[in-house]
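Everything below concerns the one structure shown next.
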Number of protein chains: 2
Amino acid sequence: MAHSQASIDDTQIAPVELGDAGITRQEWVYLQLKEAVLTGQFVPGRSVTLRGIAQMLGTSPTPVREALRRLVAERALEAHGNRRVSVPRMTPAKLSDLCAVRANLEAFAAERAMPLIDDAHLERLWELDAEVDAAIEAGDIRGYLQRHRAFHFTLYDVGDASAVMPLIESVWLQFSPFLRLAIHHIGSDYIVDRHVEALHAVSARDAQALRFAIEADVREGLGSLTEQDWRELEAAG
Amino acid sequence: MAHSQASIDDTQIAPVELGDAGITRQEWVYLQLKEAVLTGQFVPGRSVTLRGIAQMLGTSPTPVREALRRLVAERALEAHGNRRVSVPRMTPAKLSDLCAVRANLEAFAAERAMPLIDDAHLERLWELDAEVDAAIEAGDIRGYLQRHRAFHFTLYDVGDASAVMPLIESVWLQFSPFLRLAIHHIGSDYIVDRHVEALHAVSARDAQALRFAIEADVREGLGSLTEQDWRELEAAG
DNA sequence: GTTGCTAATTTGTGATCACATTTTCAAATG
DNA sequence: CATTTGAAAATGTGATCACAAATTAGCAAC
């Protein structure tokens, strides 16, 4: 196997230069890598080397080492016994598990955030949903992933920092590389969501309806992959 | 303020030597620090320095740096804008938030684990609960914290690795330093739990009862601190 | 006694180096 | 042709150093 690139343009990261905005080099590397993972720039199974990333980002291995430790701790990357780090491969069991956790976590977060969502916040959410649809219409997968994520995170992240947000982010980091692959395989035509339903539930202050919408959104999004899809995906990869 | 040691013996870690059991130095440091956080060896507010930990554990700053990054990523420690790391202080809002997240997460995990718990597993849980009670009886706070944690984690961690376990562990890492402080203040006499109720629910395969027991256990444990307790704790610290 | 400033110390960061482990690849053996 | 063996290259790890930023200590001024 070794380098099964799975027909996706690889490692196209670091478009912006280090802004020197009081940010440490390690944090910059971390943000770059995280965004790359979330937008599916890293193919599952790909091994991530210290010096490779360092050279790609134009730094010494030191900041990369620390950034990788953070990402491994957040389950975005996977550390093997060989002391080597790679992008985790997805398995049916893992996907099912991740899907259940995500549904539970985000339904909880949405229900908790609902009372704190004001009109301005709600309007922002409508805008984001429109941008999501526009990205789908344009076939812009990377843009879709970013908008989609922005919608969900904006919905949950209200008021001061909640303890659930980092947990939700960790889950997203785990399924995102696979999601990109799946969308690329299935095509962007079949993407559906329950965003409108969720926003209506928020407007009506209907906690149960909101919970149902979020759970359905997750189930029909992540959990919709059938066994056949799996076989096709593995054959393609 | 600066060094408000809060009347708890400080930094009593690293009792065992590095076993050289194929484990990296960084991982060893990480495990040492994590155990110290979970058993409340680190007082909230205490600043953690690179060279300090390194000297205390007899290594160079390099492995410590990476271990700290991991712990910060898991929310066990807190990184400030000053580039300094410390044990997070607890606030009423944070505790309330953490308590709600924990109840939701562990009820979910317990409900999912229940069908997979066999008789041997159940017996192990009964043993652990007995050890918890014994530790309380003996007034062994540190032993209690370890057994208490073992009970909960053994209850949820069944079968192959689930995606919730790391999330639950992150939550525990966040409230553990405070829990130790609170127990030390309140005294070990008033410690109660719903472990027996939970195990009976497992035996009866009653998911709803199990969920109720876990939620009650969390609420009456973490969430029981009243405003008055807070004031007394702050006055003592 | 409090405030404000400067020097000394402490601390985190990033780079570099040496070393051990692992992987890779090619030649040799069956 | 498949398998094994060995050298060579690549990789992670830990230590050390130089440097910048932050904290602390000491001292003067009000």
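Here is how names work: the chains are called A, B, and so on, in the same order as the sequence lines, proteins then strands, and each is numbered from 1. Since the structure is predicted, the reported quantities are computational estimates derived from the model, not experimental observations.
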Using a 4.0 Å heavy-atom cut-off, write out nucleotides 15-23 of chain C from 5' to 3' as B (base contacted by protein), S (sugar-phosphate only) or - (no contact). BB------S
A:Arg46 CZ to D:dT11 P, in whole Å, measures 11 Å
Is there a donor-acceptor pair closer than 3.5 Å between any side-chain N or O of A:Arg46 and the backbone N or O of A:Val87? no
Any donor and acceptor pair, going by atom type alone, linking the side chain of B:Ser170 with main-chain N or O of B:Glu74 inside 3.5 Å? yes
Are any non-hydrogen side-chain atoms of A:Val171 and A:Leu167 less than 4.5 angstrom apart? no
To the nearest Å, how far apart are B:Leu50 CG and D:dT23 P? 16 Å
After noting the C-alpha distance and the side-chain angles of B:Thr62 and A:Arg65, does the key distance pass the side-chain contact (heavy atoms from CB on, under 4.5 Å) rule? CA-CA 11 Å; B:Thr62 309; A:Arg65 227 199 298 193; 4.1 Å; yes
No-hydrogen, no-angle side-chain donor-acceptor test under 3.5 Å, B:Gln146 and B:Glu35: yes
To the nearest angstrom, the CD1-C1' distance between A:Ile53 and D:dA10 comes to 15 Å
How would you label the contact of B:Val48 with the nucleic acid (heavy atoms, under 4.0 Å): base, sugar-phosphate, or nothing? sugar-phosphate
Starting at atom NE2 of B:His80, determine the distance to atom P of C:dG12, rounded to an integer number of angstrom. 12 Å
With distance as the sole test, does A:Ser162 use its side chain to make a donor-acceptor pair with the main-chain N or O of A:Met165 at under 3.5 Å? no
For atom CD of B:Gln55 and atom C1' of C:dT10, their distance in whole Å: 13 Å
Hey, does A:Glu66 reach any base, or is it just sugar-phosphate, or nothing, if we go heavy atoms under 4.0 Å? nothing
Which is true for B:Val29 with a 4.0 Å heavy-atom rule: it touches a base, it touches only sugar-phosphate, or it touches nothing? nothing
